[in-house]
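This structure is a prediction, so every number in the text was calculated from the model and none was measured.
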Protein chains: 2
Amino acid sequence: MTPSSKTPRDAYKDLERRFERMNLVRDAASMLEWDAATYMPDGGADARADQLATLRVVRHEMLTDPAIGDVLARAGEAADLDPWERANLHEMRRERVHATAVPSALVEARSQATSACEMRWRSARRDDDFAGLLPLFEEVLKLTREVAAAKSSSLDVSPYDALLDEWEPGGRAADIDVVFAAIERFLPSLVERVIERQASLPILAPPVGPFPAERQRALADRVMRALGFDFAHGRLDVSAHPFCIGVPDDVRITTRWDEADFANGLFGVIHETGHALYERGLPKRWRKQPVGQARGMSTHESQSLLFEMQATRSPEFVGWLAGVAREVFGGSGPAWSAEALLQHVQRVKRSFIRIDADEVTYPLHVVLRFRLERALLSGDLPLKDLPGAFADGMQRLLGVRPSTHRDGSLQDIHWPSGTFGYFPTYTLGALTAAQLYGAAVKQAPAIPGALAKGDASPLTAWLVEHVHGLGSSIAPGEIVRRATGEPLSPEIFRRHLEHRYLAS
Amino acid sequence: MTPSSKTPRDAYKDLERRFERMNLVRDAASMLEWDAATYMPDGGADARADQLATLRVVRHEMLTDPAIGDVLARAGEAADLDPWERANLHEMRRERVHATAVPSALVEARSQATSACEMRWRSARRDDDFAGLLPLFEEVLKLTREVAAAKSSSLDVSPYDALLDEWEPGGRAADIDVVFAAIERFLPSLVERVIERQASLPILAPPVGPFPAERQRALADRVMRALGFDFAHGRLDVSAHPFCIGVPDDVRITTRWDEADFANGLFGVIHETGHALYERGLPKRWRKQPVGQARGMSTHESQSLLFEMQATRSPEFVGWLAGVAREVFGGSGPAWSAEALLQHVQRVKRSFIRIDADEVTYPLHVVLRFRLERALLSGDLPLKDLPGAFADGMQRLLGVRPSTHRDGSLQDIHWPSGTFGYFPTYTLGALTAAQLYGAAVKQAPAIPGALAKGDASPLTAWLVEHVHGLGSSIAPGEIVRRATGEPLSPEIFRRHLEHRYLAS
């Protein structure tokens with residue numbers, strides 16, 4: 001049967017079958033990535049790389065199959081698609097455009113360049129050697145510009161927005177500019193005031209370790225169950241870098257334990273649990289289709305941060321958590337009080353490293369990267385001048401100046417691996433988290449009281465209804481607008497910070 | 001480029017690329033099977049089944065791609081293939097014939113019938129309900145006959161041999177008949193004599209448990225290292241049923257611990273270690289090609305049994321093992337002597353359940369199944385008469401008569417899951433193991449002395465040279481003949497049993 005001999009609805013059904021298969025191949029690959037980071041013996045790395053590359057090529061060939069173009073066109077004529085089917089078709093087109101926009105020779109060249117640069121970056125960061133990385137880094141940037149240009153013409157957006165669209169579907173730098181300009185206006189002085197205020201308060205010393213890993217694991221289990229993580233459909237394991245991967249019925253999260261400070265591992269677990277609950281709550285009917293997937297990185301990050309920063313760093317939850325921690329570690333005395341734990345997990349300080357930053361200073365790290373990556377991509381900022389521009393920007397926004405590349409422009413893997421347009425999603429996620437949590441508590445006032453008893457079920461029920469269950473059926477900004485009644489607002493984030501760090 | 005415009009060598013190279021990709025998809029699937037049996041949460045089972053089914057379909061479509069037929073024909077004209085390439089081409093053809101011989105509607109129907117029957121078998125065995133299983137079992141047998149008929153005409157062998165070829169490449173029931181007839185002649189009376197003799201000796205009571213799992217694991221680690229298992233390229237985990245799966249650089253084995261008898265788990269580990277060493281020793285240059293894979297099930301089983309039954313149940317190795325066991329469990333006294341351990345692991349008894357059988361009685365279980373499965377496939381034995389025929393056969397060969405289906409014809413999953421032609425490989429493997437080990441010790445006399453010191457390296461070096469490193473470049477029987485100087489011989493197996501169980 002040729003595509004044109006199919007009814008539009010048959011064409012749509014054909015697409016559902018094709019995308020189901022593609023998604024299952026991708027799911028298989030994601031489980032092998034989990035294994036590679038957790039249980040795979042070191043000597044299996046090359047074989048695993050070959051397996052993963054093959055699954056990716058197989059999926060890419062399915063997605064770029066020339067026959068799909070006609071089927072997509074035919075399905076678009078269907079007048080009887082319901083809103084979910086229509087949204088699904090939209091997501092199929094989006095995936096297809098991203099996959100076909102770039103000539104395969106360029107995909108291959110960029111993949112090789114980023115692999116080489118990523119590997120070199122590891123030693124360059126260790127050796128603080130920006131100059132040594134520069135040639136490979138230039139090549140990655142050049143090829144990334146070519147990819148951005150190719151996607152730009154297919155998607156009919158700017159080159160930067162074309163890259164942003166991979167992580168934040170429909171996102172526009174112009175909209176982010178408005179939000180980030182507001183952050184730049186209020187946040188540096190707010191950081192100043194918070195640090196001064198915290199310095200003026202008496203310090204409640206937190207408990208001193210070492211905290212044995214198996215006790216930390218027991219605490220994490222208790223907290224994950226409290227948040228609604230279902231161990232019949234997921235696992236917690238240890239890896240070098242925490243992550244969340246998997247499918248709704250089998251979500252795997254990882255963490256690492258810090259024997260000196262149990263809060264580090266625990267809040268890492270809570271962060272990944274937020275990601276996991278999102279995956280678990282995706283609409284059952286659409287799990288194998290594009291519209292049933294999570295709605296991009298800012299929404300995903302909003303779910304992890306909503307748990308890590310909003311719900312579990314609240315006085316209500318910390319009150320419950322301190323009791324459980326005393327029980328698990330056998331602690332007692334003032335160091336184990338809820339007050340001491342709250343002060344410990346709400347500590348704000350200026351620091352060089354983004355991934356170690358607290359929720360108050362974090363957005364300034366991201367604003368800086370957003371400014372710099374646009375300038376790098378457009379060519380306004382020559383790559384060789386990045387270290388200086390990075391240090392200047394940190395000085396201006398955060399008030400600290402890195403004296404090494406390691407603490408400056410070499411700290412993140414994103415750019416050396418060709419990932420541009422990803423950084424803003426961290427802060428869009430943080431803003432979204434604050435706004436969603438505020439609305440949730442307003443609409444379901446039982447949430448804080450339940451958290452005080454170690455019960456997150458009123459919160460998760462609200463999230464499933466307003467976020468998780470929507471999958472990719474509407475745009476990220478539309479999720480926020482419908483759930484909270486207003487567009488994403490930096491003002492709400494500001495009020496959250498002022499309330500938590502400057503009030504009373 | 002059409003196939004006919006390619007040079008024969010280019011056509012061959014094209015096949016290498018295609019089969020490399022197919023094998024990597026299969027390898028990916030095997031890792032997901034490992035995960036499903038070890039770490040996957042129960043609730044992930046349906047999602048995993050979908051992923052695995054998709055990978056299998058994708059691989060099957062690659063293998064049955066009509067274009068491959070022409071490429072295979074063109075490659076066959078190549079005059080400049082070296083012996084390995086020629087053998088590789090032979091294996092490619094074999095895989096292709098098995099994949100294309102059966103119409104896809106029949107493949108699908110049989111797959112559904114076996115899934116349903118396998119599931120029903122679990123409860124039928126538990127409830128001892130042969131009649132309840134019969135309708136689904138009949139359907140599986142009927143469809144298996146159709147598959148056998150289809151493969152029979154493509155492979156130009158009998159229907160049974162066509163099924164046997166999946167597990168024992170090039171194997172023929174007529175040859176197995178000769179070997180098994182010899183076993184039937186000598187083994188029942190040999191079993192009789194061994195049991196009488198063991199009953200006449202004073203019993204050395206073995207140590208009494210419970211043996212904690214973590215101590216058993218420590219002992220297993222020591223033994224695996226002694227046998228040459230490389231933990232940089234493999235793992236040991238726990239699963240409901242022990243197995244070995246993976247790729248040469250990443251071989252995963254599993255076991256289960258029996259707190260009452262540490263020898264159960266340990267010799268299970270040794271068995272799987274034998275499989276793992278075979279995978280690890282496959283020829284590096286050919287790993288991603290059909291010729292670089294293990295040479296069928298009898299050869300694979302020969303490697304596990306060579307370690308489990310020949311090398312590590314020898315007095316030399318048990319002497320070393322008893323010392324390590326005393327150290328690991330902190331044991332002392334006569335129960336922990338090498339003599340007691342040797343008597344314990346060489347105990348022979350008549351039993352109903354094949355998988356619990358010792359090496360002396362085991363072949364009689366297999367001979368019975370071989371006779372019965374051929375009669376079932378040909379129709380000489382109606383399926384409804386299986387339980388009676390099974391009980392009669394056990395009475396005749398083993399001298400015990402099962403009073404339940406559970407202890408009789410419902411004990412194995414093979415037939416309900418449509419697996420016919422597999423059983424004989426267990427005993428062909430046992431005979432091969434005895435013959436290879438005898439030849440190895442003759443050619444490399446240092447082997448037993450090294451085993452007495454917990455060093456299997458002279459043995460594994462011999463196996464890599466004579467078995468592992470050959471991959472699938474020659475037929476199973478040819479491996480035996482070249483390594484030992486004679487064809488597979490039940491007489492050598494008989495001598496091994498007499499020497500171990502009746503001598504001195």
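- Put simply, OG on B:S239 and OH on B:Y39 are 10.5 Å apart, with the number rounded to the nearest 0.5 Å.
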Checklist entry - Taking it one step at a time, do A:R56 and A:E33 satisfy salt bridge (Lys or Arg N to Asp or Glu O under 4.0 Å)? => result CA-CA 12 Å; A:R56 285 186 198 119; A:E33 287 173 31; 3.0 Å; yes
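- Side-chain contact check for B:H468 and B:Q303: at least one donor-acceptor pair (N or O, by modelled atom type) lies under 3.5 Å.
- Ion pairing between B:E91 and B:R295 holds under the 4.0 Å rule for side-chain N and carboxylate O.
- With a threshold of 4.5 angstrom between heavy atoms, B:R287 does not approach chain A through any atom at all.
- Interface summary for chain B: among A:D237, A:V25, A:D50, the most heavy-atom pairs under 4.5 angstrom belong to A:D50.
- Ranked by heavy-atom pairs shorter than 4.5 Å toward chain B, the options A:M31, A:K288, A:R235 are led by A:R235.
- Of the N and O atoms on the side chains of A:Q51 and B:D27, not one donor lies less than 3.5 Å from an acceptor on the other residue.
- B:R252 touches chain A through its side chain: at least one heavy atom from C-beta onward sits under 4.5 Å away, while N, CA, C and O do not.
- Taking the six-membered ring wherever Trp is involved, the centroid distance between the rings of B:Y278 and B:H300 falls below 6.0 Å.
- Heavy-atom distances place the side chain of B:M62, and not its backbone, under 4.5 Å from chain A.
- No more than 12 heavy atoms of other residues, nucleotides or ligands shown are found within 6.0 angstrom of CG on A:D46.
- With a threshold of 4.5 angstrom between heavy atoms, B:V251 does not approach chain A through any atom at all.
- Of the listed residues (B:D42, B:V57, B:T38, B:L32), the one with the most heavy-atom contacts under 4.5 Å to chain A is B:L32.
- Looking at B:D35, the atoms closer than 4.5 Å to chain A (heavy atoms on both sides) all sit in the side chain, from C-beta outward.
- Counting heavy-atom pairs closer than 4.5 Å to chain A, the top-ranked of the candidates B:A232, B:A29, B:G234 is B:A232.
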